[in-house]
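As a basis for the values below, the full set of heavy atoms in this structure was taken, side chains included, without hydrogen atoms, waters or symmetry mates.
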There are 2 protein chains.
Amino acid sequence: MRCYRAAVAPDRRVPTLADVARHAGVHPATVSRTLSRPELVAPATRAAVLAAVEALGFEPNLPARQLARGRTDAIGVVVPDITNPYFAAIVRAVQRSAHDLDLAVLIADTDGDPAAEARALATLARQVDGIVAVTPTSEPDAGRVPVVQVNRRSRRTPSVVVDQRAVVDLALDHLAALGHRRIAVVRGPGTYWSAARRDRAVEQRAERTPRPKLRLDPIGPVPPTFAGGVDAFAAATQRSTAVVAFNDLQAAGLVVAAHRAGVAVPDACSVIGSDGLDIAAMTAPGLTTVAAPLDALGDIAVEQLGALLRGEAARGVVTLTPTLVERHSTAAPPRTR
Amino acid sequence: MRCYRAAVAPDRRVPTLADVARHAGVHPATVSRTLSRPELVAPATRAAVLAAVEALGFEPNLPARQLARGRTDAIGVVVPDITNPYFAAIVRAVQRSAHDLDLAVLIADTDGDPAAEARALATLARQVDGIVAVTPTSEPDAGRVPVVQVNRRSRRTPSVVVDQRAVVDLALDHLAALGHRRIAVVRGPGTYWSAARRDRAVEQRAERTPRPKLRLDPIGPVPPTFAGGVDAFAAATQRSTAVVAFNDLQAAGLVVAAHRAGVAVPDACSVIGSDGLDIAAMTAPGLTTVAAPLDALGDIAVEQLGALLRGEAARGVVTLTPTLVERHSTAAPPRTR
DNA sequence: TTGTAGGCGTTATCAC
DNA sequence: GTGATAACGCCTACAA
């Protein structure tokens with residue numbers, strides 16, 4: 001069996017600023033300046049320095065730079081589960097935006113465990129300048145570094161959230177327009193900030209009683225997973241002609257459970273999801289869903305964090321508006337046909 | 001609107017080793033020792049130091065430590081797209097294993113762009129001790145830091161791969177046992193190492209002609225996506241009674257396309273996926289699939305990298321064996337019923 | 001425009 | 001067992 005070893009440079013250690021300076025015949029400080037503030041250095045020396053940098057293949061040692069500068073130029077992002085497409089989408093957006101700001105991204109996956117979350121925060125806090133926390137179930141405390149929260153608002157930190165009332169209205173208005181009058185609304189976990197928020201929106205909607213008047217059946221709380229959706233199907237379709245899921249995973253579960261039960265979607269039962277994940281397009285029929293602006297969620301979180309890092313004030317709470325994506329899991333209720 | 005600023009400690013700067021030393025009435029070196037090699041310090045002093053650490057809320061400055069130690073205790077992982085559940089699963093595994101080794105994880109998402117990939121590698125290489133590269137389309141060159149590749153073998157670096165021949169055999173044997181004799185095999189992108197590998201396995205299988213003799217229809221190359229699967233459906237079912245997809249995303253697309261075309265799965269057409277993602281359980285019918293040991297892929301990659309970092313030799317190539325997960329997208333071909 | 005010098009916070013090698 | 005001291009590699013007033 002072939003074996004491999006770390007490719008240790010056989011003789012030459014990695015070049016430092018001093019090496020470059022020697023090679024270019026200038027002082028180390030000049031090299032440093034050439035790299036960080038080129039405009040402060042004469043074109044001729046600059047060229048010489050850059051040539052030397054090139055020749056030696058010099059790359060600044062980041063820990064040294066971080067130590068001297070007092071910052072890491074990295075941010076952390078903590079999510080419960082990176083394999084959940086919802087969080088993956090946010091992480092991707094964060095990663096991109098951070099990259100545009102020349103910030104590295106450290107990631108921590110907490111498995112949804114509050115203890116792991118606290119640990120992750122503490123660990124991250126020591127090696128990044130700021131943190132984007134996507135922690136549905138608990139409020140993060142990162143100690144010294146600034147935090148921006150996604151999908152949870154708090155008094156202590158800026159945050160960017162999705163307007164849950166708009167989610168509810170978009171879903172219910174759509175179903176109402178199709179002719180549904182009795183609608184099951186699947187609740188998310190009681191521990192989720194956004195679920196609590198949505199519950200309230202549903203209650204308020206019931207109180208506001210806009211026309212047409214809807215009868216709303218709260219179901220659950222139900223885990224925000226595919227399995228949760230499967231399990232909730234029976235209860236959800238007991239009395240209602242349509243179901244609003246807490247998220248797309250649940251909605252996909254509902255659709256599959258309907259299929260198994262021989263219930264036609266959307267003809268016998270409408271299902272509407274939430275989040276607008278890619279998988280919503282991958283069910284049969286394709287899922288009508290209330291799409292959250294996932295990229296924007298991440299982008300704005302990073303933007304806010306960037307402002308904080310520059311010492312600027314960040315807006316307290318940014319509320320993003322969802323949009324309805326119509327596919328084929330919703331239609332008029334059976335009796336009106 | 002409420003505004004927030006970075007929580008700058010109003011008066012007290014963050015405590016350093018020297019502060020702790022002063023507080024405990026010992027020399028800074030003793031504090032350092034207490035933290036990194038407690039067994040070398042007298043119990044009494046140790047207690048005093050730890051008390052001081054506690055009292056001041058001291059946490060070592062990582063960049064300083066990294067500079068002094070000459071290592072970062074972090075690894076990087078680069079993937080084409082973190083929102084692809086396949087890569088997300090690997091990242092999760094990497095993240096966990098790394099955590100167990102007290103290594104932080106930096107993540108880079110390259111969007112499948114080779115240029116971005118090279119950039120990501122270069123950037124990562126400067127801030128981590130090693131890299132796990134999941135780059136299906138190209139061979140990474142990270143310069144000075146050791147690299148372990150996932151799902152691609154190379155002469156230069158250790159790697160951990162899935163046995164593509166076993167994937168092919170598992171899928172074809174399963175279909176053959178059900179009675180299928182003419183089977184479409186959807187090819188992955190020509191740029192993927194694993195796709196090339198699988199193509200070869202398919203060819204070899206055709207040559208080996210085990211009984212029963214199968215007629216294999218290669219389809220594509222087809223993008224390894226849901227849309228790719230949808231598009232490939234017509235061609236794949238032209239002449240065959242079963243389709244082997246390149247991965248689960250494609251398989252899900254095939255199933256949905258079948259549904260749209262009014263073709264019953266598995267009664268009229270069997271579909272088998274590959275990878276064993278969560279979404280394979282989320283289609284209707286549930287996807288029979290050849291599951292790759294995704295967690296093991298990540299775990300072993302980190303393990304190998306860990307060995308490299310400790311200066312030990314790593315095994316050259318670790319080949320992992322997939323397993324068949326039977327669900328409900330495969331059945332006997334129509335004519336045998 | 002460039003050089004000087006001190007410091008960033010920790011570790012490691014010595015003596016004591 | 002503990003203290004002194006010199007790196008680690010870079011940055012940045014400040015001086016020239």
Side-chain angles (χ1 to χ4, degrees), chain A residues 9 12-50 52-53 56-74 102 125-129 144-145, chain B residues 9 12-53 56-74 102 104 125-129 144-145:
Chain A
R12 219 172 46 195
R13 52 191 193 78
V14 354
T16 74
L17 215 82
D19 298 323
V20 177
R22 211 169 303 126
H23 190 101
V26 299
H27 193 275
T30 303
V31 178
S32 176
R33 261 188 301 255
T34 307
L35 264 25
S36 44
R37 321 269 300 276
E39 70 278 11
L40 295 184
V41 73
T45 26
R46 190 189 314 164
V49 168
L50 292 179
V53 165
L56 300 184
F58 168 76
E59 297 199 322
N61 174 307
L62 253 20
R65 167 174 286 181
Q66 291 166 359
L67 175 58
R69 294 226 252 237
R71 60 193 162 86
T72 63
D73 290 320
D102 282 314
R126 297 169 45 189
Q127 38 201 330
V128 299
D129 297 336
R144 299 187 214 290
V145 308
Chain B
R12 216 173 48 193
R13 46 183 200 81
V14 351
T16 74
L17 215 84
D19 298 324
V20 177
R22 208 168 306 126
H23 191 100
V26 300
H27 193 274
T30 303
V31 178
S32 176
R33 258 188 305 254
T34 308
L35 264 25
S36 43
R37 321 267 301 275
E39 70 278 10
L40 295 185
V41 74
T45 27
R46 191 190 313 164
V49 168
L50 292 179
V53 164
L56 301 184
F58 168 77
E59 297 201 321
N61 175 307
L62 253 19
R65 166 174 289 182
Q66 290 165 359
L67 176 59
R69 294 224 253 233
R71 59 192 161 86
T72 63
D73 290 319
D102 281 315
R126 297 169 47 189
Q127 40 202 326
V128 300
D129 297 336
R144 299 187 214 290
V145 307

Please work out if A:L67 contacts a base, only the sugar-phosphate, or nothing of the nucleic acid, heavy-atom cut-off 4.0 Å. base

Taking any heavy-atom pair under 4.0 Å as a contact, classify A:A29: base, sugar-phosphate, or nothing. base

Please walk me through it: do A:Q66 and B:Q66 pass side chain to side chain contact (heavy atoms under 4.5 Å, CB included)? CA-CA 10 Å; A:Q66 291 166 359; B:Q66 290 165 359; 3.9 Å; yes

Answer with base, sugar-phosphate or nothing: what part of the nucleic acid does B:S36 contact at a heavy-atom distance below 4.0 Å? nothing

Report the distance from atom CZ of A:R33 to atom CZ of A:R46, rounding to the nearest 0.5 Å. 12.5 Å

With DNA chain C as reference, determine whether B:N61 or A:G25 sits nearer its 5' end, using the nearest nucleotide of each. A:G25

Chain B reaches DNA chain D, atoms under 4.0 Å from its heavy atoms, from D:dG1 to D:dG9

When we call it a touch if two heavy atoms are under 4.0 Å apart, what does A:V31 touch: a base, just sugar-phosphate, or nothing? nothing

Go through DNA chain C in 5' to 3' direction and return only the first and the last nucleotide with some atom under 4.0 Å of chain A's heavy atoms. C:dT1 to C:dG9

NA contact type, B:S32, heavy-atom cut-off 4.0 Å: base, sugar-phosphate, or nothing? base

5'-most by nearest nucleotide on DNA chain D - B:R33 or B:A64: B:R33

Could you report the tightest heavy-atom contact between A:H27 and A:A21, atom names first, then the distance? C-CB, 3.8 Å

Do A:P63 and B:R65 have side chains that get closer than 4.5 Å, going by heavy atoms? no

To the nearest 0.5 Å, atom CG of A:L62 lies from atom CD of B:Q127 at 5.0 Å

Would a 4.5 Å heavy-atom cut-off, applied to side chains only, mark A:L35 and A:L50 as touching? yes

Are any non-hydrogen side-chain atoms of A:D73 and A:D129 less than 4.5 angstrom apart? yes

Using 0.5 Å steps for rounding, measure from the OG1 atom of A:T16 to the CD atom of A:E59. 13.5 Å

On DNA chain D, does the nearest nucleotide to A:L17 precede the nearest nucleotide to B:T30 from the 5' side, or the other way round? Give the residue. B:T30

Option passing side-chain contact (heavy atoms from CB on, under 4.5 Å) with B:S32 (candidates B:V20, B:V41, B:L17): B:L17

Heavy-atom nearest pair, A:A48 first then A:A24, reads O-CB, 4.0 Å

Compute the bend angle of the helix from C:dT1-D:dA16 to C:dC16-D:dG1 from the end axes (five pairs per end), rounded to 10°. 30°

What are the two closest heavy atoms between A:A64 and B:L67, and how far apart are they? CB-CD1, 3.7 Å

